[in-house]
There are 2 protein chains.
Amino acid sequence: MVAVMGIAERKVRERESMKAKILNAAFKLFLDHGIENVSIRNIAERIEFSPGTIYLYYRDKDQIFFELYNLAFGRFYEEQQKLQPIQDPYDRLYQGCQQYIRWGLANPKLYDLMFIVEIPMNVIAREECEDIGRRSFDLLRQTVTECIEKGKLRIKDVELGSTMIWNMLHGIVSLIIKRRILVPEETVEGMVSAMLDNFLLLLKR
Amino acid sequence: MVAVMGIAERKVRERESMKAKILNAAFKLFLDHGIENVSIRNIAERIEFSPGTIYLYYRDKDQIFFELYNLAFGRFYEEQQKLQPIQDPYDRLYQGCQQYIRWGLANPKLYDLMFIVEIPMNVIAREECEDIGRRSFDLLRQTVTECIEKGKLRIKDVELGSTMIWNMLHGIVSLIIKRRILVPEETVEGMVSAMLDNFLLLLKR
DNA sequence: ACCATTAACTAAACGCTGTTCAATTAAATT
DNA sequence: AATTTAATTGAACAGCGTTTAGTTAATGGT
């Protein structure tokens, strides 16, 4: 009886480790060769299992992509959270924005998955998917709230202000990532920080 | 001899009309069933030719996508140009921004192709592709230039200002299109116009 | 220890995809 | 009418996501 329980637990562990194995292979393929080269067959080859096996652990490809999505958001959230200790809310806002852009440009594939690509969820997870996003957005909202409370912004509505800031940041990052910005490569960095500085200056009371 | 010339000209016409036929089929498939359902085979079936035939008129699928890209940008540019007669540059700026957002939200698939999707150009067209984009951007730049000349903006640098505005607009449109905005569906419209108003108000001297 | 049951896995298949190319048909030229 | 040129096809290749029958390995009961 005890042995039976031990086996059941081991099986759970084995299942988890197999899921992780698949996910790691998918993540590696994703980082190394782009989302377009993450195929079930490629993953299977990487972990030396047959393609069919993967469907014993994940319902479909979208579910794998959703896991990658969460992974990416986890990393992003972690970085943003590091700035929480900063006392002055405007300073925290500024650094948060700067880090958002930096992180996005440094991790274009992750950013793509998080904010640009068609959401890879056929059935479930629409809410769960928003939850992880909302957690990150809440960090910004909190900071904006404090800024407004201390009268540091020319905007009074928290929801409006947070969304505006986020949209601006996303516009900058996504257009650069997707190579739609017409400015020459070398001058991008300068342009970006100039835009951020000017935008936050406009916002500042 | 004259007849020969006539035949040659007819062949050119026939070739053009075949290219148009293919492109129209592709465009219709694109609008009706999304970019993911534009396959060479689908196009071929729609025009009642074999898949191989399409490669006699377009090098590859990307070239077809590039034509669709130009088509989309043409429509967008046309709309924007209609606002040129507006005398007051700030008014023109405001209406241009409003139209940008409206058009993007009304034509999400076209917008996607123009600004979001990975640029579908394997070999050529990188410059040509920027040209059509630049023409549209120049409309905005011109308007911003006039605004600054008349001292209506709190920003002095034309390039910076234009890019900032565009990035903000793109952030708004693309996040809504890709369903990353967390606001409920009904309140989106109000939020969007509030953001636009506030942003331009921040910019206004 | 043996057998029945359950779980894990594979290989092949289905219907898609973009693209190429030998073979065929139609048109134009001589 | 015969020959050359152009246009078109259909099959093939290699890839894709997904399903499933059949095989193998591990477990449970007696």
Side-chain angles (χ1 to χ4, degrees), chain A residues 1-23 25-26 29-30 33-68 117-118 120-124, chain B residues 1-23 25-26 29-30 33-68 117-118 120-124:
Chain A
M1 254 329 184
V2 177
V4 174
M5 291 313 243
I7 288 172
E9 283 162 15
R10 192 202 70 208
K11 292 230 163 177
V12 170
R13 279 201 312 277
E14 279 176 353
R15 195 180 161 76
E16 285 310 306
S17 95
M18 185 63 167
K19 288 192 80 167
K21 197 172 180 165
I22 293 169
L23 208 60
L29 278 170
F30 171 51
H33 306 101
I35 192 93
E36 71 277 7
N37 283 67
V38 181
S39 72
I40 298 291
R41 284 175 162 84
N42 280 344
I43 298 172
E45 194 182 11
R46 216 168 177 20
I47 61 173
E48 296 177 295
F49 278 83
S50 95
T53 302
I54 288 171
Y55 288 85
L56 301 172
Y57 297 90
Y58 292 97
R59 187 165 31 75
D60 55 20
K61 203 187 174 188
D62 273 358
Q63 200 167 75
I64 295 176
F65 277 5
F66 177 60
E67 295 297 332
L68 295 182
V117 152
E118 215 71 46
M121 288 111 231
N122 287 335
V123 195
I124 46 151
Chain B
M1 253 325 185
V2 177
V4 174
M5 291 313 242
I7 287 172
E9 285 162 15
R10 192 202 68 208
K11 292 230 163 177
V12 170
R13 278 202 311 276
E14 280 177 352
R15 193 178 163 77
E16 286 309 307
S17 95
M18 185 64 167
K19 288 192 80 168
K21 196 172 180 164
I22 292 169
L23 208 61
L29 278 170
F30 171 51
H33 306 102
I35 192 92
E36 71 277 6
N37 282 50
V38 181
S39 74
I40 299 292
R41 284 175 165 83
N42 281 343
I43 298 172
E45 193 182 11
R46 217 181 164 59
I47 61 174
E48 297 177 294
F49 279 82
S50 96
T53 302
I54 289 172
Y55 288 85
L56 301 171
Y57 296 90
Y58 292 97
R59 186 164 32 73
D60 55 20
K61 203 187 173 187
D62 273 358
Q63 201 168 74
I64 295 176
F65 278 6
F66 177 60
E67 295 297 333
L68 295 182
V117 153
E118 215 69 47
M121 287 110 230
N122 287 336
V123 195
I124 47 152

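What you see is a predicted model, and the numbers here were worked out from it, not measured in a lab.
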- Of all the choices, C:dA8, D:dG17, C:dG18, which nucleotide is nearest to the side chain of A:Lys61 once you look at every atom? D:dG17

- Message: Between B:Lys21 (side chain only) and B:Glu16 (backbone N and O only), is there a donor and an acceptor less than 3.5 Å apart?
- Response: no

- Note on the structure: Rounded to whole Å, the CD1-P distance (B:Ile22 to C:dT19) equals 13 Å

- Nucleotide D:dT9, atom P - distance to CG of B:Leu56 in whole Å: 9 Å

- So B:Arg13 and B:Glu9, salt bridge (charged side-chain N to carboxylate O under 4.0 Å, His left out) or not? Walk me through it. CA-CA 6 Å; B:Arg13 278 202 311 276; B:Glu9 285 162 15; 5.1 Å; no

- Distance-minimising heavy-atom pair for A:Ile64 and A:Ile54: CD1-CG2, 3.9 Å

- Task: Would you kindly give the OH-to-P distance between A:Tyr55 and C:dA11, to the nearest whole Å?
- Result: 17 Å

- To the nearest angstrom, the CD1-P distance between B:Ile54 and D:dG10 comes to 13 Å

- Query: Between atom CG in B:Asp62 and atom C1' in C:dT17, what is the gap in whole Å?
  - Reply: 14 Å

- Query: Any side-chain heavy-atom pair from B:Tyr58 and B:Leu23 closer than 4.5 angstrom?
  - Reply: yes

- Message: From the set D:dA7, D:dT9, C:dC9, return the single nucleotide nearest to any side-chain atom of B:Thr53.
- Response: D:dT9

- Message: Looking only at the side chain of A:Tyr57 (C-beta and beyond, no hydrogens), which of the listed nucleotides C:dC9, D:dT9, C:dG18 gets closest?
- Response: C:dC9

- Taking only heavy atoms on the protein side, list every residue of residues 33-49 of chain A lying under 4.0 Å from any atom of DNA chain D, sorted numerically. A:Val38, A:Ser39, A:Ile40, A:Arg41, A:Asn42

- Polar side-chain atom of B:Asn42 near backbone of B:Leu29 as donor-acceptor pair, under 3.5 Å: no

- Message: With a 4.0 Å limit, can you tell me whether A:Arg15 has a side-chain N or O closer than that to the phosphate oxygens OP1/OP2 of C:dA8?
- Response: no

- Are B:Glu45 and B:Arg41 ion-paired here, with the side-chain N under 4.0 Å from a carboxylate O? no

- Interatomic distance where CZ belongs to A:Arg59 and P belongs to D:dG17 [whole Å]: 16 Å

- Item | Protein-nucleotide distance (A:Ile64, atom CD1; D:dG17, atom P), rounded to Å | 9 Å

- Item | Residue A:Glu48 excluded, over 12 heavy atoms near CD under 6.0 Å | no

- To the nearest angstrom, the CD-P distance between A:Glu14 and C:dA8 comes to 9 Å

